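Please read the structure below before turning to the comments.
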Amino acid sequence: MTAPTTTRQPPRPDSVTRVARVITEVFAPAVLAATMPIVVALTAAPTLAAGLGWGALAALFSAVIPYGVIRYGVWRGTLTDHHMARREQRRRPLLWGLASVTTS
């Protein structure tokens, strides 16, 4: 006779944890780096089209490309997560981000 096997499922996150995760993602540097150039360009440009164009270009080089490098590193397994919690993993993505911002 064998003992019944039970599978332990991880505990469900409570509502406070879920809210904290949402806040963490909404105010992440990548999100702010993508939205701020668009907001600034929309307020500074003479037309809506010019603001959207310049804002999108700035967001591409300041957020989309650097975040893409980070996501690629996570996908390859060279980075543990998109928050780059481990300090020794930050150098290469930060250098790529610096190069991207400098290019624009």
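Residues take their numbers from the sequence shown, with the count starting at 1. Since we're looking at a predicted model, the values are computed, not measured.
The shortest non-hydrogen separation linking Pro93 to Val69 is CA-CG1, 4.2 Å. Taking each heavy atom of Ile70 and Leu79 in turn, the nearest pair found is O-CD1, 3.5 Å.
Trp96 and Ile65 fall into different hydrophobic clusters, where Ile, Leu, Val, Met, Phe, Trp and Tyr are joined by side-chain heavy atoms under 4.5 Å apart, directly or via other members. Residue Leu60 is not grouped with residue Tyr67 when hydrophobic side chains (ILVMFWY) are merged at heavy-atom distances under 4.5 angstrom, including chains of intermediate members.
Distance CD/Glu88 to OG1/Thr80: 8.5 Å, rounded to 0.5 Å. Taking CZ of Arg90 as the reference point, atom CG of Leu95 lies at 13.5 Å (rounded to 0.5 Å). Atom CG of Leu98 and atom OG1 of Thr103 lie 9.0 Å apart (nearest 0.5 Å).
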Exercise answer: donor-acceptor pairs, residues 17-42 side-chain atoms, under 3.5 Å, sequence neighbours excluded:
{"unit_1": "Thr17", "atom_1": "OG1", "unit_2": "Asp14", "atom_2": "OD1", "d": "2.4"}
{"unit_1": "Arg18", "atom_1": "NE", "unit_2": "Pro13", "atom_2": "O", "d": "3.3"}
{"unit_1": "Arg18", "atom_1": "NH2", "unit_2": "Pro13", "atom_2": "O", "d": "3.2"}
{"unit_1": "Thr24", "atom_1": "OG1", "unit_2": "Ala20", "atom_2": "O", "d": "2.8"}
{"unit_1": "Glu25", "atom_1": "OE1", "unit_2": "His82", "atom_2": "NE2", "d": "3.1"}
{"unit_1": "Glu25", "atom_1": "OE2", "unit_2": "His82", "atom_2": "NE2", "d": "3.2"}
{"unit_1": "Glu25", "atom_1": "OE2", "unit_2": "His83", "atom_2": "NE2", "d": "3.0"}
{"unit_1": "Thr35", "atom_1": "OG1", "unit_2": "Val31", "atom_2": "O", "d": "3.1"}
{"unit_1": "Thr35", "atom_1": "OG1", "unit_2": "Leu32", "atom_2": "O", "d": "3.4"}

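Formation of a donor-acceptor pair under 3.5 Å by the Ser62 side chain with backbone atoms of Val101 is not found in this model.
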